[in-house]
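Along the sequence shown, residues carry numbers from 1.
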Amino acid sequence: MASTYNSLGYQKMATGENAGTWGTKTNTTLDEIKETFGYTSIAMTADRTLTIPDGSTGTYDGRAFIIELTGTLGGTRVLDIAATAGDPAAVIEKPFIVFDNTTHSGDTLTFKVTGATGFALTEGSTYLCYHNGTDIINTGVGASTSPGGSTTQVQYNNSGAFGGDADLIWTAGTGLTINSQKELRLADTDDDKYIGFKSHTAVGTSYTLTWPQNAPAVNDYILTGQTDGTLAWVANSGGTSWQAVITADPTAVAGEGYFCNTTSAGFTVTLPAGTIGDEVSIVDYAGTFDTNNLTVAPNGSEKINGVAASLTCAVERAAFTLVFTDTTQGWLLKDK
């Protein structure tokens, strides 16, 4: 009976064979076992098939544990290995560490068993994988040890390896920059729709928007911007907020309107401290301003119609709006 060889090419000597040469052949087998934990480099400028000896002599790279792939692909490339080897043939089952040190330039590189699928390698990545007798299986361990992209690019999972995007840049002390007018998207619960934020196509001068510290305290507030980029919540003054009928001295609030009832007696409406554009509206509720006059008083030393004095209204059914301009003219009649 002649010797046989297993799927990794180790000689299995038959009883009574190789008299006087067992030592040499045993040492050869031990060296071959050492190769199983060894390293080989393979240029992937063309498709390659890893080979394992079946009793013949020659150069065999399929027994190596660590494989470094080198060169520029120059096209779609496949690193292949048979499903079986040995004499008689047996299923190959062994691990590999594969370092893809090739240059892809847009081409793909796949490691697989002949006739199977395998997996695609990413340039610069290292993989712990194994031959299970059917195909090459990627364990996912070590596949992302090498960073993707260039310096400062944000990393992301790219099919089990690190990827980088030239338009996603992290700058220490500054933060994240999204280039090329790409969006920041906030998706809904099922990721079906989203809200996107992106830059103007041609920003005139760089600026930063700073959000308010808190949400608005009440409803119907709008977000406004300041010249320094600070955002603030401001009461919606798009219309007058009319108050219930009053019969006594109120201190007015900007943006509000007052139905003033002087049937019993005249009284005074005191204006608030003015800011440009502030408005206060007044209506003679019962048509009695001519009998019991209404007085409108400025805040402190502010003015009404350019005079630091109160305004007396003695016209029946009068209705008017005062709008604040500046410290020179103060509150002016918007309508008469």
Using only atom types and a distance under 3.5 Å, with no angle test, would you say the side chain of [X] pairs donor to acceptor with the backbone of [Y]?
| X | Y | answer |
| --- | --- | --- |
| Asn138 | Cys129 | no |
| Glu123 | His104 | yes |
| Thr224 | Ala232 | yes |
| Asp188 | Lys193 | yes |
| Glu183 | Gly196 | no |
| Glu256 | Thr240 | no |
| Arg77 | Thr45 | yes |
| His200 | Ala202 | yes |
| Asp290 | Ala314 | no |
| Gln329 | Thr327 | no |

Inter-residue atom distance [X].[atom1] - [Y].[atom2], 0.5 Å rounding:
| X | Y | atom1 | atom2 | value |
| --- | --- | --- | --- | --- |
| Ile97 | Tyr39 | CD1 | OH | 12.5 Å |
| Leu69 | Phe99 | CG | CZ | 9.0 Å |
| Ile304 | Leu322 | CD1 | CG | 6.5 Å |

side-chain hydrogen bond (donor to acceptor under 3.5 Å, both in side chains), that's the test. Do Thr247 and Asn261 meet it? Break it down for me. CA-CA 5 Å; Thr247 58; Asn261 184 359; over 6 Å; no
Under 3.5 Å, which donor-acceptor pairs link side chains of residues 110-117 to any protein atom two or more places apart or in another chain?
unit_1 : atom_1 : unit_2 : atom_2 : d
Lys112 : NZ     : Asp80  : OD1    : 3.0
Thr114 : OG1    : Asp80  : OD2    : 2.2
Thr114 : OG1    : Ile81  : O      : 3.3

So, do [X] and [Y] sit near enough that their side-chain heavy atoms are less than 4.5 Å apart?
| X | Y | value |
| --- | --- | --- |
| Val269 | Pro250 | yes |
| Tyr127 | Leu121 | yes |
| Thr139 | Tyr130 | yes |
| Thr102 | Asp107 | no |

query = Is Val323 isolated, or which residues cluster with it under the ILVMFWY side-chain rule of less than 4.5 Å, directly or via members?
reply =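 Its cluster partners, ordered by chain and number, are none at all.
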Members sharing Val307's hydrophobic cluster, built from side-chain contacts under 4.5 Å between Ile, Leu, Val, Met, Phe, Trp and Tyr, are none
Qualifying salt bridge (Lys or Arg N to Asp or Glu O under 4.0 Å) pairs, either residue in residues 273-284, two or more places apart:
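Those involving residues 273-284 are Glu279-Lys334.
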Note: Pro212 and Leu231 closest approach over all heavy atoms is CG-O, 3.4 Å
By side-chain contact (heavy atoms from CB on, under 4.5 Å), Thr312 pairs with (sequence neighbours left out) Asn293, Thr295
Report yes if the distance between the aromatic ring centroids of Tyr258 and Tyr285 is under 6.0 Å, otherwise no.
no
query = Does a donor on one side chain and an acceptor on the other come within less than 3.5 Å for Ser125 and Asp100?
reply =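 Note: Ser125 and Asp100 side chains miss the donor-acceptor criterion.
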Residue pairs meeting side chain to side chain donor-acceptor pair (under 3.5 Å), one or both in residues 207-217, sequence neighbours left out, come to none
inquiry  = Is it the case that atom CD1 in Ile195 sees more than 12 heavy atoms from other parts of the structure closer than 6.0 Å?
reply    =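 Atom CD1 in Ile195 is not crowded, with 12 or fewer foreign heavy atoms closer than 6.0 Å.
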